[in-house]
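Take a look at the structure set out below.
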Amino acid sequence: MSGGPRHTVPVDVHLVLRRDGGRGAEVLLSRRAGPVYATGLWHLPSGHLDPDEDMVEAVIREAREETGVLIAAPDVTAAVTVHHRPPRGGNSRIGVFFEVRRWTGLPRVREPDRCDGMGWYPLGALPEPMVAYCRAGLDAYRAGLPAAVHFQQPGDLIEYTADGIDRTRLLPGPPPPPHPPGGTDLPHPLRVFAERAVGWIAQVVDFSWARAGKRHRGLRFHEREVAVPDVGAGARAQGRAGGNCGGGSGRSSA
């Protein structure tokens, strides 16, 4: 460790406002305008932290200021972190991308001096030209990866181009924990969804009739049963109050 001044970097927050559209998953993008960095390029709603503001507060504020939508803190989920260095200026920064799927209000241009367009675009067909920094974060997000390094070189373009140099280096997360004896695991998106609802799930036991070589007496449900973890009396009572959304049975252990 050097004895000189500590290296510090600014922190940006980026809003991945996501909805399910007719073309699959879509995200809200805005087009920068006026005398600002990357004018004319598509970008996620984003901004810098204010003094004494945490990251969640910042992305909620930026969403309100730029798009008019209102977001509750429990609906903000960490998605991707990008370590970025622009082609000009030389100083790197950290960008934290947050996914939000629930909000109040209709998105609209709230800062016309900085934005001249806004719309929903499929994750699989992002518009161009787009800020390369933003594209790096969305590429990691689309790949289901938690982080990326995006260090541009002097002379690189600010915008992403399909036939240009892509400096994005996607970073995987830690490997999943080994399955406990006699157990299985849920697909990652399903695990994330379930653990948001009921808390940490240590083990899932699969009671699928199909994999056991049996047939459900109701053909409609054959090959559709999946394990549902038993998460305790409190969660079961809540489930009875909210309705049953599964067709199988299972258990979990903590």
Fill in: side-chain contact (heavy atoms from CB on, under 4.5 Å) assessment of D116 paired with V109
CA-CA 7 Å; D116 65 0; V109 175; over 6 Å; no
Are [X] and [Y] side-chain neighbours, meaning at least one heavy-atom pair lies under 4.5 Å?
| X | Y | answer |
| --- | --- | --- |
| R110 | E66 | no |
| P10 | R93 | yes |
| L44 | L138 | yes |

Fill in: From C115 atom SG to H43 atom NE2, the distance as rounded to the nearest 0.5 Å
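The NE2 atom of H43 is 11.5 Å from SG of C115, to the nearest 0.5 Å.
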Item to complete: Please identify each residue that fulfils salt bridge (Lys or Arg N to Asp or Glu O under 4.0 Å) with R167, with sequence neighbours left out.
Response: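 Scan of R167 (salt bridge (Lys or Arg N to Asp or Glu O under 4.0 Å), adjacent residues dropped) gives D156.
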Heavy-atom pair with the smallest gap, counting every atom of [X] and [Y]:
| X | Y | result |
| --- | --- | --- |
| Y160 | E128 | CE2-OE2, 3.7 Å |
| W120 | P107 | CZ2-CG, 3.9 Å |
| A78 | F98 | CA-CD2, 3.9 Å |
| A143 | L170 | CB-CD1, 4.4 Å |

Item to complete: Sort out for me which residue in V100, T67, L15, V69 forms a side chain to side chain contact (heavy atoms under 4.5 Å, CB included) with L28.
Response: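 Of V100, T67, L15, V69, side chain to side chain contact (heavy atoms under 4.5 Å, CB included) with L28 is met by T67 alone.
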Discussion item. Applying a strict under-4.5 Å side-chain criterion to I, L, V, M, F, W and Y, I'd like to know whether V96 and Y141 cluster together.
Written reply: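 No, V96 and Y141 fall in different hydrophobic clusters.
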Discussion item. Grouping I, L, V, M, F, W and Y whenever their side-chain heavy atoms are under 4.5 Å apart, do W103 and L29 come out in a common cluster?
Written reply: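 No; L29 is not reachable from W103 via cluster members.
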Item to complete: Could you list all the ring pair (Phe, Tyr, Trp, His ring centres under 6.0 Å) pairs where at least one residue sits in residues 49-87, not counting sequence neighbours?
Response: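 Every pair satisfying ring pair (Phe, Tyr, Trp, His ring centres under 6.0 Å) with a residue in residues 49-87: H83-F151, H84-Y133, H84-H150.
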Donor-acceptor pairs under 3.5 Å, side chain of residues 51-58 to any protein atom, not counting sequence neighbours: which ones?
from : atom 1 : to  : atom 2 : distance (Å)
E53  : OE1    : D50 : N      : 2.7
E53  : OE1    : R61 : NE     : 3.4
E53  : OE1    : R61 : NH2    : 3.0
E53  : OE2    : R61 : NE     : 2.7
D54  : OD1    : V56 : N      : 3.0
D54  : OD1    : E57 : N      : 2.7
E57  : OE1    : D54 : N      : 3.0

Would you confirm whether [X], through its side chain, and [Y], through its main-chain N or O, come within 3.5 Å as a donor-acceptor pair?
| X | Y | value |
| --- | --- | --- |
| T39 | G34 | yes |
| R142 | L123 | yes |
| Q152 | L157 | yes |

Discussion item. Assess the residue pair I158 and R88 against the criterion (side-chain contact (heavy atoms from CB on, under 4.5 Å)); give the C-alpha distance rounded to whole Å, side-chain angles, the decisive distance to 0.1 Å, and a yes or no.
Written reply: CA-CA 9 Å; I158 296 173; R88 296 195 295 269; 3.1 Å; yes
Item to complete: For H48 and E62, run side-chain contact (heavy atoms from CB on, under 4.5 Å): C-alpha distance rounded to whole Å, both residues' side-chain angles, the deciding distance at 0.1 Å, then the answer.
Response: CA-CA 9 Å; H48 309 300; E62 291 289 351; 5.7 Å; no
Worksheet item: How about R32: does its CZ atom have over 12 heavy atoms from other parts shown lying under 6.0 Å from it?
Response: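 Check passes, neighbour count above 12.
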